[in-house]
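What follows is one structure encoded as structure tokens, with my remarks underneath.
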Number of protein chains: 2
Amino acid sequence: MEKSRKAAGPVSLATIAAATGVSISTVSRIVNGQTHRASPETVTRIQQAVESLGYKPNQIGRALKQGRSRVVAMLTANLNNPVMAMIATATEAALRDIGHVMTLCDTHDREDLQDEYLQAMRSQSVGGYILVTNIKSPGLADFVARGEPVVFACRPNPYAADPDAPGAFVGIDNEAAGAAAADRLWARGCRSPAVIMPLEGSVVTLEREAGFCRRMTELGIPPDRLARVKAPGLSHLDVGYAAAGTLFAGRPGPDGILGVSDQIAYGVYRFAMEQGIRIPDDCPVISIDGSDLNGWIAPWLDSIHVPYAEFGHHIVGQLQAIWRGETPEAAILPFHD
Amino acid sequence: MEKSRKAAGPVSLATIAAATGVSISTVSRIVNGQTHRASPETVTRIQQAVESLGYKPNQIGRALKQGRSRVVAMLTANLNNPVMAMIATATEAALRDIGHVMTLCDTHDREDLQDEYLQAMRSQSVGGYILVTNIKSPGLADFVARGEPVVFACRPNPYAADPDAPGAFVGIDNEAAGAAAADRLWARGCRSPAVIMPLEGSVVTLEREAGFCRRMTELGIPPDRLARVKAPGLSHLDVGYAAAGTLFAGRPGPDGILGVSDQIAYGVYRFAMEQGIRIPDDCPVISIDGSDLNGWIAPWLDSIHVPYAEFGHHIVGQLQAIWRGETPEAAILPFHD
DNA sequence: CTGAAAGCGCTTACAG
DNA sequence: CTGAAAGCGCTTACAG
């Protein structure tokens, strides 16, 4: 005599309690794995009822009681950027593995939207925050000060008490990546290098450029043969395109270019195509990010690979550490060149 | 005498009630815009308190009472696909505009994950579901049968009662897009066309292929000069690559190829590059999707543009209609060729 | 080993 | 025009 009538109305703890003749408290404990606090018979009886009635805990009830849900908010500067999309994908999967879900908030690099989202997420009692942004905002300052569970990715906490100990963070050593890019270009015979970065760049782009210039200088490139070009634009595609225009307007163009992101390199490529400049023959272009797509449609691009797909685990690991009350150290992942 | 002491502990309705000397009920009504049900003085007094104390409604409390939250779940087949990422971005923005937030669930085209997520989202009492997937699963069948608020995007409801009236849906006429692709290839002189699609394709890819073949036949291409190639793989990149291998292994290669998605075209490109086949000179390649990226790094690709960026509004509009108790009609958006 | 009770923050008939 | 009260589903000290 199978009792497998499915969901006639929502099944709550009370439903199970009524069906098994025990109290709600007991059901709650067992459902939450506290099986040692009840007799074995009760445990199996309840587990059977849970199974046959298809009980699933209502997360809202739980969240209200505990003041925190199993939702984690990810705030990203700009989802159109494939890098952000990759991090989001990886993080979503890692969260799922620990039974959490992710809400995605695109701040479009706007301070007001960032604060609006932080506020909104707090009203949702989310259990944690992942910030792939380093825009400063009053709300963020507040969050950091209050010690909310937040992990920064790519870009460190702009309000870190000690800049050398950024706290929960997942990223790479951008300065070293920039230097590696310099070595690579040098090895290809480049002696009049150029580096392109956004006018309103984040620390990430600044560090990559700094590493590149530092290394090029060490290699003996004089400052006047090292072009550093910035261009405005939210989209790095536009940045690369505009900067390439500036670069090639000068008499002797560069013999090698670093775009500090893949997207910048794409922008350079478009300009070069339009002008009949052949890449890499006339001028090699390299970048930092190493999107998988490059191998498919941008074979001309030599890009230092950042393991974004790995970010997910590390981010979630740090979040869990915070939940346990620990203070995680920054995870600086190796890039591959 | 400004009273702007900020948040010493969470500010709830009770806090406001205590501070203003009215009941929680009254505060709740006013906060929810029922200002006509209270005296003007009370209204302003409470609004001031809300402002100065920085009260933000706790959405968890609200959701528990109402049985539904202001969160909308988007289930997507595969976030690595830029098309999905675009739809997610657009939808997130549209939801924000109406004060909702979005959780993102990547089902990886797996039936079990889809059901797991549907279940999880229900435990979260989400207010709506957006499905960019048409994998069949028992859980989905259940959802549709129960009349849950779900909007399908790109791929129609696989459990629609009447296939010609798919209900809440946002997409394009894929058959027509396939036909348009045929016209375009024909105009470029293609007389030995090929079409590439995934082995385990969705209705979307099937319809695009069907439209293409129908139109090519109308144009007088005999069946034996119309190559239809399928290749396995979750990633369309792999599909395109493998299928191109098959196509060019045959003696006379095609003189024009339709990849039913941008990614398939990218895969073809890689194979062609490796084999020294020049695109488009030796063989034009076109596709359907029209990612913005094409203009930057895939100038060789002629792609029919699907207005994914517009999907967001339409999806949210349909969701709102459902919430109002209406039965929205499918929105078939125009593609641009 | 088990249960009654309080309470998380909100909304909403209902009564006045 | 306003308030007391019930209740959404859960957890968790506390008492037995």
Side-chain angles (χ1 to χ4, degrees), chain A residues 7 9-47 49-50 53-71 99 119-120 122-127, chain B residues 7 9-47 49-50 53-71 99 119-120 122-127:
Chain A
V11 180
S12 67
L13 281 182
T15 315
I16 305 294
T20 54
V22 300
S23 74
I24 291 179
S25 325
T26 301
V27 181
S28 174
R29 284 189 210 103
I30 292 174
V31 163
N32 287 305
Q34 306 219 11
T35 48
H36 59 103
R37 310 223 345 184
S39 72
E41 303 81 57
T42 315
V43 171
T44 53
R45 189 153 47 98
I46 289 179
Q47 285 174 336
V50 163
L53 295 176
Y55 169 72
K56 303 289 169 192
N58 178 320
Q59 299 292 334
I60 297 288
R62 180 177 213 276
L64 181 58
K65 178 64 189 173
Q66 305 207 316
R68 114 174 358 186
S69 78
R70 281 184 170 155
V71 175
Q119 189 61 258
R122 203 134 78 93
S123 314
Q124 300 281 353
S125 306
V126 303
Chain B
V11 180
S12 66
L13 281 182
T15 315
I16 305 293
T20 54
V22 299
S23 74
I24 290 179
S25 325
T26 301
V27 180
S28 174
R29 283 189 211 104
I30 293 174
V31 163
N32 287 305
Q34 307 217 11
T35 49
H36 61 102
R37 310 222 345 185
S39 72
E41 302 82 56
T42 315
V43 171
T44 53
R45 189 153 48 98
I46 288 179
Q47 286 174 337
V50 163
L53 295 176
Y55 169 72
K56 303 289 172 192
N58 178 319
Q59 299 292 335
I60 297 288
R62 179 177 214 278
L64 181 57
K65 178 64 188 170
Q66 306 207 316
R68 104 167 14 179
S69 77
R70 282 184 169 154
V71 175
Q119 189 61 259
R122 201 134 79 93
S123 314
Q124 300 281 352
S125 305
V126 304

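Residue numbers start from 1 in every chain, and the chains themselves are labelled A, B, ... in the order their sequence lines are given, proteins ahead of strands.
The distance from atom CD of B/Gln124 to atom C1' of D/dC10 is 13 Å, rounded to the nearest whole Å. The CG atom of A/Leu13 sits 19 Å away from the P atom of C/dA6 (whole-angstrom rounding). Separating the CZ atom of A/Arg122 from the P atom of C/dG9 is a distance of 13 Å, rounded to the nearest angstrom. Put simply, CD on B/Gln66 is 6 Å from C1' on C/dT11, counting in whole angstrom units.
For the atom pair NZ of A/Lys65 and CG of B/Leu64, the computed distance is 12.5 Å after rounding to the nearest 0.5 Å. Of the inter-residue distances, the one linking A/Gln59 atom CD with A/Arg70 atom CZ reads 5.5 Å to the nearest 0.5 angstrom.
A heavy-atom distance below 4.0 Å to DNA chain D is reached by these residues of residues 26-42 of chain A, ordered by number: A/Ser28, A/Arg29, A/Asn32.
You'll find that the side chain of B/Asn58 is closest to C/dG9, out of D/dT12, C/dT12, C/dG9. The side chain of B/Lys65 approaches D/dC8 more closely than any other nucleotide in the set D/dC8, D/dA4, D/dT12.
Residue B/Ser12 is in sugar-phosphate contact alone, with no base atom involved, counting any heavy-atom pair closer than 4.0 Å across all strands shown. Contacts of A/Ile24 with the nucleic acid, taken as non-hydrogen atoms under 4.0 Å apart, include base atoms. When heavy atoms are screened at a 4.0 angstrom cut-off, A/Leu64 is found touching base atoms of the nucleic acid.
A residue-by-residue look at B/Ser25 and B/Ile60 shows that B/Ile60 has its nearest nucleotide of DNA chain C further toward the 5' end.
Pairing each heavy atom of B/Ser69 with each of B/Gln124, the nearest pair is OG-O, 3.9 Å. Nearest approach of B/Leu13 to B/Ser28, heavy atoms of both residues: CD1-CB, 3.8 Å. Pairing each heavy atom of A/Gly67 with each of A/Ser125, the nearest pair is O-CB, 3.9 Å.
A close approach under 4.0 Å does occur between a side-chain nitrogen or oxygen of A/Ser23 and OP1 or OP2 of C/dG3. Distances shown here put every side-chain N or O of A/Arg62 at or beyond 4.0 Å from the OP1 or OP2 atom of D/dG9.
Looking only at side-chain heavy atoms (C-beta outward), A/Thr15 and A/Ser12 come within less than 4.5 Å of each other.
Between the side chain of A/Asn58 and the main chain of A/Ile60, a donor-acceptor pair closer than 3.5 Å is present.
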Report all side-chain donor-acceptor pairs from residues 17-27 of chain A shorter than 3.5 Å, counting only partners two or more places apart or in another chain.
{"unit_1": "A/Thr20", "atom_1": "OG1", "unit_2": "A/Ile16", "atom_2": "O", "d": "2.7"}
{"unit_1": "A/Thr20", "atom_1": "OG1", "unit_2": "A/Ala17", "atom_2": "O", "d": "3.4"}
{"unit_1": "A/Ser23", "atom_1": "OG", "unit_2": "A/Ser25", "atom_2": "N", "d": "3.4"}
{"unit_1": "A/Ser23", "atom_1": "OG", "unit_2": "A/Thr26", "atom_2": "N", "d": "3.3"}
{"unit_1": "A/Ser23", "atom_1": "OG", "unit_2": "A/Thr26", "atom_2": "OG1", "d": "3.1"}

Reading DNA chain D 5' to 3', what string of ( ), [ ], | and . shows its pairs, if Watson-Crick and G-U wobble pairs count only when both distances fall under 3.5 Å? |||.||||||||.|||

Quick one: do A/Gln119 and B/Lys56 satisfy side chain to side chain contact (heavy atoms under 4.5 Å, CB included)? Show the steps, please. CA-CA 8 Å; A/Gln119 189 61 258; B/Lys56 303 289 172 192; 3.3 Å; yes

